[in-house]
Amino acid sequence: MRAFSHRDEDPVKETFLRLERFTSGFAMAGACAMLVVASTLGMYQIVTRFVLEQPAEWTEILIRLSLIWMVFLGIPVAFRQGAMVSVDVLYRWSPARLRRALDWLVCLASLSLIAVILWWGWDY
């Protein structure tokens, strides 16, 4: 009988996990890029407003958009890593069957929120 090794895993699962790592890395890089854009435009706005005394109004909307996209791109990565704030006292005290129901409830609530964000955010 052979011992289980990493190479015995399902190739579909490995491909999916590889794709997930790539998309998570891409989302994190995008979130970091949006932070750089917001910071740079914020500094530019300070210089033009207080040093040159000719404010650049166009930077306001770009800073706001980059911060929004930074959050949108960072949330999935934080969610995947378990870094989101949660209140899990009920979950810890629940029996296994109720935990499974709570998992489904949280999943459906998350998908509903994502659908609302996509629906209303598409036009923005």
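For this chain, numbers begin at 1 and follow the sequence in order. For clarity, every value in this text was computed on a predicted model and none was experimentally measured.
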The reported gap from SG in Cys107 to CG in Leu102 (rounded to nearest 0.5 angstrom) is 12.5 Å

Taken in chain and number order and not counting sequence neighbours, the residues that satisfy side-chain contact (heavy atoms from CB on, under 4.5 Å) with Arg18 are Glu14, Thr15, Arg21

Problem - ILVMFWY cluster, Phe79 and Leu19 together (side-chain gap under 4.5 Å) - result: no

Notebook entry, point to check: Should we count CZ of Arg99 as having more than 12 external heavy atoms under 6.0 Å?
Noted result: yes

Residue set satisfying side-chain contact (heavy atoms from CB on, under 4.5 Å) with Ile114, at least two apart, ordered chain then number -> Leu118

Interatomic distance, CG@Leu98 vs CG@Asp103, rounded to 0.5 Å, equals 9.5 Å

CE (Met70) and SG (Cys32) are apart, to the nearest 0.5 Å, by 9.5 Å

- Val77 side chain reached by Phe26 side chain, heavy atoms, under 4.5 Å: no

What one should report as the nearest heavy-atom pair of Gly30 and Leu73 is C-CD1, 3.6 Å

Can you check whether Arg80 reaches Glu20 side chain to side chain, under 4.5 Å on heavy atoms?
yes

task = Measure up the Phe72 and Trp69 rings against each other and bin them: parallel (under 30°), tilted (30 to 60°), perpendicular (over 60°).
result = perpendicular

For Ala31 and Gly74 the tightest heavy-atom approach is CB-N, 4.0 Å

### Message
Is it the case that the side chain of Thr40 and the backbone of Val37 share a donor-acceptor pair, with hydrogens and angles ignored and the cut-off at 3.5 Å?
### Response
no

### Query
Given side chains that start at C-beta, do those of Gln45 and Ile63 come closer than 4.5 Å, heavy atoms only?
yes

Rounded to the nearest 0.5 angstrom, the OG1-CD distance for Thr48 and Glu57 is 8.5 Å

ILVMFWY network linking Leu105 to Leu108, side-chain heavy atoms under 4.5 angstrom: no

| message | Does Trp93, at its CH2 atom, have more than 12 non-hydrogen atoms belonging to other residues, nucleotides or ligands within less than 6.0 Å? | response | no

I would like to know whether Tyr44 and Leu62 meet side-chain contact (heavy atoms from CB on, under 4.5 Å); could you show each step before the answer? CA-CA 12 Å; Tyr44 178 76; Leu62 290 179; over 6 Å; no

Distance col, row Ile68:CD1 vs Met34:CE, nearest 0.5 angstrom, shows 12.0 Å

